[in-house]
Amino acid sequence: MSEAQGSRARDRGARGFSAFAARRGGRARGQSFWAARWTEAVEDVWPEEGPLKKGRSFARTGRIGPITVSPGRVAAEVYGGEETCTTRLTLTVLDDDEWDLLWEKTADRPAETEALLAGDLPEDLLEAVEDARVRMLPGYGDLDADCDCDALDHPCPHATALAYQLSWLLDTDPWLLLLIRGRTAEEAVEELTSALLLSALTGADGQDEPEGPGETGTHPAATATAPHPGTYAAQRAAYARPATPLPALPPLPRPPAAPEEPPTGIEADPLDRLAADAALRARELLAYAHGPGTAPPGPLDAWQDTVRLAATHPDPRAVQRLREGCGRPAEDLDRAAAAWRTGGRAALEVLEHPWTPPAQQTARARTALATAWEAEELPPVTVDGNRWTLTGRGLQLRLGQDGRWYPYRRRGTRWWPAGPPSADPAETLADLTGPAAGDELP
């Protein structure tokens, strides 16, 4: 597989996993069947106890960042104070012929086939792997490690720690073993289903063979199980045919005529705002469900609701009344409304409430900015909690507790929101310093 093909394969099937928190004591090896087999194989490939012991200890420190598992590679960033290094484990990806042979051997095993189709990875799959003479677990000359650190050991403690943490992931998702070798769970089930279909078609063809010995004296069982040399080629050709395009969609019907008076008695403009507010509330609840928050967002207080109305109300007269009645300077409300338009309540929190992110998050941000500016020198950056100021540039990035970076630009003596946020600080900075960076906010 070429480097470009390998990169496309990794991008196609890559999965990310959150960093493990520090563990005090306890076992560093995974407990499940597949996790134990993985660990045994790794320790057979790297038998020196010194690096393995250091790796087990380091795996429990909580200094390994989020893990990315993709075909042929497991990667993570490792944090040590202000220094960050990238650690990678690489394994050989099975080619298509090897996968075909594995599924062919698996299809002959009803119990294993049933378990795989039901979403389980059975222990006896190892027997099909051995029959197919392919590798599922690491072996000599198959597993390698690469790390940016300067450790003299090979593998270094970071690499062995990453291998042990992968066994923790296998405790909950053993299908990652197949992903490392080049197949997602969905692809594996689909290919196994195709192998079962081919086996059924081949068996049906064999039923037409005459009973009893043939002229050459071949036993009927042999003629019934031996497929014709062209059988698999014909089936592969059938599956390789391009899909027939679907017919074009018919045109949409004309919209119904609007009544002269709204049936609800409410004009469309406030309905639009209510729908937008409901969508924003739904997004906040989804962010809580998928994010690190400990409680769902509560109702807006008086100031937040005033900012929301000022940011979304289309009538400038209403906004002016809010300025006069909010009890704060008009500029405070304008700045808060500008923040709300970039990201709702989360953006308002970033404007008004500084906080101190974890050291790991700060280290990852430094790495992202340094990588993005490798073509030229990164301007000096002053870090104060979640606020990163580019010295002499009048530009600032602020990290929100939602994990997104919000751009700010100095106007006079105050910092003003300068655009929508991004999860990548380098991307936010690029937007802030791009061709349109000098445009004034409305």
**Request:** Dump the intermediate steps for side chain to side chain contact (heavy atoms under 4.5 Å, CB included) on Leu395 and Trp388, then the final yes or no.
**Result:** CA-CA 9 Å; Leu395 304 176; Trp388 295 47; over 6 Å; no
**Prompt:** Run the side chain to side chain contact (heavy atoms under 4.5 Å, CB included) check on Tyr408 and Leu432 step by step: do they pass?
**Reply:** CA-CA 8 Å; Tyr408 275 74; Leu432 194 58; over 6 Å; no
**Request:** Report the C-alpha separation of Phe20 and Ile67 in whole Å, then their side-chain angles, then the decisive distance to 0.1 Å, and conclude whether the side chain to side chain contact (heavy atoms under 4.5 Å, CB included) test is met.
**Result:** CA-CA 9 Å; Phe20 287 101; Ile67 299 175; 4.2 Å; yes
**Request:** Would you check, one step at a time, whether the test salt bridge (Lys or Arg N to Asp or Glu O under 4.0 Å) holds for Glu191 with Arg183?
**Result:** CA-CA 10 Å; Glu191 292 181 357; Arg183 289 295 187 267; 2.7 Å; yes
**Asked** After noting the C-alpha distance and the side-chain angles of Val129 and Leu102, does the key distance pass the side chain to side chain contact (heavy atoms under 4.5 Å, CB included) rule?
**Response** CA-CA 6 Å; Val129 170; Leu102 173 58; 3.9 Å; yes
**Request:** Any chance you could lay out the salt bridge (Lys or Arg N to Asp or Glu O under 4.0 Å) test for Asp144 and Arg73, step after step, and finish with the verdict?
**Result:** CA-CA 10 Å; Asp144 198 6; Arg73 185 170 66 177; over 6 Å; no
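Proximity of a side-chain donor or acceptor of Asp148 to a complementary backbone N or O of Cys85 within less than 3.5 Å is not detected. A distance-only check finds a donor-acceptor pair linking the side chain of Thr367 to the backbone of Ala363 [under 3.5 Å]. Judged purely by atom type and a 3.5 angstrom limit, Thr389 has no side-chain atom pairing as donor or acceptor with the backbone of Thr391. With Glu130 contributing its side chain and Glu127 its backbone, the two residues share no donor-acceptor pair below 3.5 Å. A side-chain donor-acceptor contact under 3.5 Å links Arg181 to the backbone of Thr92. Between the side chain of Ser70 and the backbone N or O of Ala14, no donor-acceptor pair lies under 3.5 Å. The backbone N or O of Gly62 lies less than 3.5 Å from a partner atom in the side chain of Gln360, making a donor-acceptor pair. The backbone N or O of Glu40 sits nowhere less than 3.5 Å from a side-chain atom of Glu43 that would complete a donor-acceptor pair. No donor-acceptor pair under 3.5 Å is formed between the side chain of Gln304 and the backbone N or O of Ala302. At least one donor-acceptor pair closer than 3.5 Å links the side chain of Trp175 to the backbone N or O of Gly119.
Counting heavy atoms from C-beta outward, Asp431 and Pro407 have side chains that stay 4.5 Å or more apart. Counting heavy atoms from C-beta on, the side chains of Arg366 and Val383 come closer than 4.5 Å. Counting only heavy atoms from C-beta outward, the side chains of Trp405 and Val350 never approach each other to under 4.5 Å. For the pair Leu397 and Leu429, the minimum side-chain heavy-atom distance is below 4.5 Å. Two residues are said to be in side-chain contact when any heavy atoms from C-beta on lie closer than 4.5 Å; Val307 and Leu333 meet this criterion. Considering only heavy atoms from C-beta on, Leu196 comes within 4.5 Å of Leu117 through its side chain. Considering only heavy atoms from C-beta on, Phe17 stays 4.5 Å or farther from Thr68 through its side chain. Annotation: side chain of Asn386 is not in contact with side chain of Thr356 (no heavy-atom distance under 4.5 Å).
Taking a 6.0 Å sphere around CD of Glu114, one finds it holds 12 or fewer heavy atoms contributed by other residues, nucleotides or ligands. For Arg414, the CZ atom is densely surrounded, since the number of other residues' heavy atoms within 6.0 Å is greater than 12. Around atom CG of Asp301, more than 12 heavy atoms belonging to other residues, nucleotides or ligands sit under 6.0 Å away. Open room surrounds CD on Glu48; 12 or fewer heavy atoms of other groups in view lie less than 6.0 Å from it.
Asp171 and Ser32 form a side-chain donor-acceptor contact under 3.5 Å, judged by distance and modelled atom types alone. With hydrogens and angles left out, the side-chain atoms of Gln396 and Arg398 include a donor and acceptor closer than 3.5 Å. Judged by distance alone, the side chains of Tyr164 and Arg56 do bring a donor and an acceptor atom under 3.5 Å apart. A donor-acceptor contact closer than 3.5 angstrom links the side chains of Glu352 and Trp303. Between the side chains of Tyr406 and Glu349, not a single donor N or O lies within less than 3.5 Å of an accepting N or O. Gln320 and Arg323 share a donor-acceptor pair across their side chains, judged by distance under 3.5 Å alone.
Here the CZ atom belonging to Arg410 is positioned 12.0 Å from the CG atom belonging to Leu390, to the nearest 0.5 angstrom. Once rounded to the nearest 0.5 Å, the distance linking CD of Glu187 with CG of Leu179 reads 8.5 Å. Distance CH2/Trp103 to OG/Ser194: 11.0 Å, rounded to 0.5 Å. Taken from CZ in Arg404 to OG1 in Thr342, the straight-line distance is 8.0 Å, to the nearest 0.5 Å. The distance from atom CG of Leu322 to atom CZ of Arg308, rounded to the nearest 0.5 Å, is 10.0 Å. The line from NE2 of His158 to OH of Tyr79 is 12.5 Å long, rounded to the nearest 0.5 Å.
Taking the ring centre of Phe33 as origin, the terminal cationic atom of Arg37 falls inside the region bounded by 6.0 Å and 45° from the ring axis. The cationic group of Arg409 does not satisfy the cation-pi geometry with Trp416, failing either the under 6.0 Å distance to the six-membered ring centre or the 45° limit from the ring axis. Under the 6.0 Å distance and 45° angle rule, Arg23 counts as a cation-pi partner of Trp168.
Here the closest non-hydrogen pair linking Pro51 and Thr160 is O-OG1, 3.2 Å. The shortest heavy-atom contact between Pro155 and Trp46 is CG-CD2, 3.4 Å. The two residues Thr106 and Ala128 have their closest heavy-atom pair at OG1-CB, 3.6 Å. Contact between Leu178 and Ala188 at its shortest, heavy atoms only, is CD2-CB, 3.7 Å. Minimum heavy-atom separation, Arg364 to Pro66: NH1-CD, 3.8 Å. Across every non-hydrogen atom of Ala41 and Leu137, the tightest pair is CB-CB, 4.0 Å.
Just one of Asp173, Leu169, Leu170, Leu177 meets the side-chain contact (heavy atoms from CB on, under 4.5 Å) condition when paired with Val69; it is Leu169.
Aromatic ring centroids of Trp38 and Trp34 lie 6.0 Å or more apart.
One finds no salt bridge joining Arg387 and Asp384 here, because no Lys/Arg side-chain nitrogen approaches an Asp/Glu carboxylate oxygen to under 4.0 Å.
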